[in-house]
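Chain identifiers are assigned alphabetically (A, B, ...) following the order of the sequence lines, protein sequences preceding nucleic acid strands; residue numbering begins at 1 within each chain. Computed from a prediction, not measured in an experiment: that's the story for all the values here.
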Amino acid sequence: MKPRVRFAPSPTGYLHIGGARTALWNWLYARRLGGTFVLRIEDTDQKRSTPESVQAILDGLRWLGIDWDEGPGLPNNGGPFPPYFQMEKIKRYHEIAEQLISEGKAYRDYTTAEETAQMRKDFAASKGIPEERIREAGFKYTSPWRDKTEKLDKPYLVRFKLKATGAKIGFEDLVHGRLEKPDEDLDDFVLLRADGIPLYNFGCVVDDHDMQITHVGRGQEHINSTYSQVALYQALGWTQPVFAHFPLIMGQNGEKLSKRKHPEADVGVHRKNGILPHALLNFVVRLGWSHGNDEYFTREQMIEFFDLKDVGKTNGIWNPKKLTATNEHWIKTFPPAQIGAALLPYLAEIGVSDAKVDAKLETAVKAFAPRAKTLVEMAASIKPYYAKGVTVDAAAATKHLDDAGKKMLALAKTKLLALPEWTATAIDPIVDVIATETGAKKGMIAQPIRVAATGGTTSPGIGDTLAMLGKDETIRRFDAVLGG
RNA sequence: GGCCCCGUCGUCUAGUGGCCUAGGACGGUGCCCUCUCACGGCAUAAACCCGGGUUCGAAUCCCGGCGGGGUCACCA
């Protein structure tokens, strides 16, 4: 059977890097096995969900090239199991909740949020312990409505009626193996809030079932809620999917990568910083998963090699240096035309709007690929080559454009003017030629040329540098230095 | 703190009882290449959390300790 997997983000902010990896791994799994990748928006947290966030997540996924087979923005209501936004199927959750209630597997709890909160507080106070430790002290919420069935005319929430027998409840996890705990450790978790909106554990189970999801791959932080969900599957008599709980991505301080404390948690930040989408994918796919000693994968190789069973168990730490190294690798590896196309928005961003993917840009990409860590850097490096004229750095001029330097420059100009064609391969040898003819060191020849052409002391090889500039602009800049 | 998960170089990892004097990658260090800056090449330092078992033999299996993380909501 072809797997049906899903990525079910909550639209409460930008696309999180951990979410992106979860999406990627699920997507890869589906693609390799010819399965289906579903995107579902879990927008039941009405306080925090926003349309902007939905957009940000969709944009982030698209930028990464992770496409979904079912979900938002697709024809025919998004696919065969709509809707793909939880808030659009509230009725369905109520239906299931009612069924559970009628079967005695759930109940209406008229206790208010304030009351339950107070109960916790009182218990903690009576034991003289902080609230998060009430569980160890034996606190377990027991609703006075647990065994009642009457329907009152006031707000209620629906709780799952967990039957604790002391038996183990658990599941087979693809990365962890058998995971279980005594069902007594679970409680009557809330299915429906007082306003009728489902909570995560409920909506998630109903949807995964309705959408016929076969494999649920998500972060390890969900392990504990999975036990509750398993109880629900059993109560409903539904077949549960195969679970796979992924290790977490931690910030460099060792804490879980959070939106507040770690700017790098935002996929959009990397886009802004000039990271290639594929580089981000490659970096993130290796964080917690490996294929022998392989480090770099094309998209096709990722699909070919990825398997949920090869996912590791240990949390990984975000390593910006390795991300950069991965980015450099792909900048150097992808065809110049492709990098050039990716570079256009970054050039436009800094005012170079006349650039297009042509011979000049490709030459520039080739020249700067080994020198740029990011597309932002590359764009900045290339920008001067699209300008008319250049301001020569004073210190550089003093050092390299003295009388001797200008003499070399003039000589170079003569040789350049005599060239049959203006290409890097044609230009490059002139430094050697002049060196041989005059006996001067190459540095004495190349540096004056470089300073005159770029205004500074560093640039790619003379051939590439002048080729990028073009004949006219090169000579113009030479003349500006030589005067008259 | 209860419960749950995890524990190989600084980091990501290979490793599934002998192939391990523990391999690769990023980062670090040194050297080489060189018209500048890079790229690249070569070399090098650096780890099996600790303690008990099991076994002829353990990074690999078991137990305990320690350490890290997650989770304990009418968030997801």
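Closest to the side chain of A:Pro370, out of B:C26, B:A76, B:A38, is B:A38. Nearest nucleotide to the side chain of A:Arg133, out of B:C74, B:U11, B:G1: B:G1. Closest to the side chain of A:Asn293, from the set B:C4, B:A14, B:G10, is B:A14. Proximity note for A:Leu199 (side chain, C-beta onward) versus B:C75, B:G69, B:C4: the nearest is B:C75. Among B:G69, B:A76, B:U36, the nucleotide with an atom closest to any side-chain atom of A:Ser10 is B:A76. Ranking B:G24, B:U36, B:C4 by closeness to the A:Gln447 side chain, first place goes to B:U36. Nearest nucleotide to the A:Asn315 side chain, out of B:G2, B:C74, B:G69: B:G69.
Close to B:C74, at under 4.0 Å from its OP1 or OP2, lies a side-chain N or O of A:Arg120. Remark: A:Lys442 is in phosphate contact with B:C35, judged by side-chain N or O atoms under 4.0 Å from OP1 or OP2. Note on A:Ser459: every side-chain N or O is 4.0 Å or more away from OP1 and OP2 of B:C37. A close approach under 4.0 Å does not occur between any side-chain nitrogen or oxygen of A:His222 and OP1 or OP2 of B:A76. Contact check, A:Arg218 against B:A76: no side-chain N or O comes under 4.0 Å of OP1 or OP2. Put simply, A:Arg159 has a side-chain N or O that comes within less than 4.0 Å of OP1 or OP2 on B:C74. Applying the 4.0 Å criterion to OP1 and OP2 of B:C5, one finds that A:Thr314 has every side-chain N and O outside that range. Here A:Lys313 reaches the OP1 or OP2 of B:C6: one of its side-chain N or O atoms lies under 4.0 Å away. Between B:U71 and A:Lys256, a contact under 4.0 Å exists linking OP1 or OP2 to a side-chain N or O. Close to B:G40, at under 4.0 Å from its OP1 or OP2, lies a side-chain N or O of A:Lys332.
As judged by a 4.0 angstrom heavy-atom cut-off over every strand, A:Pro247 is placed among residues making no nucleic acid contact. A:Ala325 comes within contact range of the sugar-phosphate backbone alone, with a heavy-atom separation under 4.0 Å but no base atom that close. Within the nucleic acid shown, A:Ser228 has no heavy atom closer than 4.0 Å to any nucleic acid atom. Within the nucleic acid shown, A:Val190 comes within 4.0 Å of sugar-phosphate atoms alone, with no base atom in reach, counting heavy atoms only. Using a 4.0 Å heavy-atom criterion, one finds that A:Leu179 contacts the sugar-phosphate atoms exclusively. Among the heavy atoms of the strands lying under 4.0 Å from A:Gln220 are primed sugar atoms or P, OP1, OP2 only; no base atom is included. Among the protein residues, A:Asp428 comes within range of the nucleic acid bases, having at least one heavy atom under 4.0 Å from a base atom. Among the protein residues, A:Gly461 comes within range of the nucleic acid bases, having at least one heavy atom under 4.0 Å from a base atom. As judged by a 4.0 angstrom heavy-atom cut-off over every strand, A:Glu42 is placed among residues touching the sugar-phosphate backbone only. Residue contacts for A:Thr326: at a heavy-atom cut-off of 4.0 Å it reaches no nucleic acid atom on any strand shown. Among the protein residues, A:Thr457 comes within range of the nucleic acid bases, having at least one heavy atom under 4.0 Å from a base atom. Residue-level contact check: A:Arg450 touches the bases, meaning some heavy atom is under 4.0 Å from a base atom. Using a 4.0 Å heavy-atom distance criterion, A:Ile445 is classed as making no nucleic acid contact. Heavy atoms of A:Ile462 sit under 4.0 angstrom from at least one base atom.
The distance from atom CH2 of A:Trp318 to atom P of B:C26 is 17 Å, rounded to the nearest whole Å. Taking atom CG on A:Asp310 and atom P on B:U16, their separation rounds to 13 Å, with Å as the unit. The interatomic distance linking A:Lys322 (NZ) with B:C12 (P) rounds to 9 Å, in whole Å. Here the C1' atom of nucleotide B:C4 and the NE2 atom of A:His176 are 10 Å apart, to the nearest Å. One atom, CH2 of A:Trp289, and another, C1' of B:U13, lie 12 Å apart when rounded to the nearest Å. Protein atom CZ of A:Phe243 is 22 Å distant from nucleotide atom P of B:G70, rounded to whole Å. Computed from coordinates, the A:Arg286 CZ to B:G27 P distance equals 14 Å when rounded to whole Å. Residue A:Met250 contributes atom CE, which lies 13 Å from atom C1' of B:G7 at whole-angstrom precision.
Cation-pi geometry between A:Arg286 and A:Trp289 is not met at under 6.0 angstrom from the ring centre and within 45 degrees of the axis.
Look at the C1' atom in both B:G15 and B:A58: the space between them is 13 Å, to the nearest Å. Taking the P atoms as reference points, B:U55 lies 47 Å from B:A73, given to the whole Å. Comparing the P positions of B:G52 and B:A43 gives a spacing of 39 Å, expressed to the nearest Å. Spacing of P atoms, B:C48 relative to B:G40, comes out at 30 Å, to the nearest Å. One P atom belongs to B:C50, the other to B:A59, and the distance between them is 11 Å to the nearest Å. Comparing B:G23 with B:U16, their P atoms sit 14 Å apart, to the nearest whole Å. Comparing the C1' positions of B:C3 and B:U13 gives an interatomic distance of 30 Å, to the nearest angstrom.
Side-chain N/O atoms of A:Ser228 and A:Ser225 include no donor and acceptor closer than 3.5 Å. When only modelled atom types and interatomic distance are considered, A:Glu221 and A:His245 share no side-chain donor-acceptor pair under 3.5 Å. Under 3.5 Å, the side chains of A:Tyr141 and A:Thr111 contain a donor-acceptor pair of N or O atoms. Side-chain polar atoms of A:Arg218 and A:Thr226 form a donor-acceptor pair below 3.5 angstrom.
B:G18 is paired with B:C56 under the criterion used here, namely a Watson-Crick or G-U wobble arrangement in which both key atom distances are under 3.5 Å. Using the Watson-Crick or G-U wobble rule with both distances under 3.5 Å, B:G1 pairs with B:C72.
Between A:Val190 and A:Val158, every side-chain heavy-atom pair lies at or beyond the 4.5 Å cut-off. Between A:Tyr93 and A:Leu191 there is no side-chain heavy-atom pair separated by less than 4.5 Å.
Sequence order on RNA chain B of the closest nucleotides to A:Ser290 and A:Gly443 puts A:Ser290 first from the 5' end.
In terms of polar N and O atoms assigned as donor or acceptor, the side chain of A:Arg371 never comes within less than 3.5 Å of the base of B:C39 in a complementary pairing. The base of B:G69 has none of its N or O atoms less than 3.5 Å from a complementary donor or acceptor on the side chain of A:Glu221.
A:Leu174 pairs with exactly one of A:Val311, A:Leu308, A:Val216 by the side chain to side chain contact (heavy atoms under 4.5 Å, CB included) rule, that one being A:Leu308.
The glycosidic torsion of B:C20 lies more than 90° away from 0, placing the base in the anti range.
A perpendicular orientation is assigned to the rings of A:His278 and A:Trp330, their planes being inclined by more than 60° (bins at 30° and 60°).
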Report task. List the steps and the verdict of salt bridge (Lys or Arg N to Asp or Glu O under 4.0 Å) for A:Asp464 and A:Lys366. Result -> CA-CA 9 Å; A:Asp464 282 332; A:Lys366 260 180 272 184; over 6 Å; no
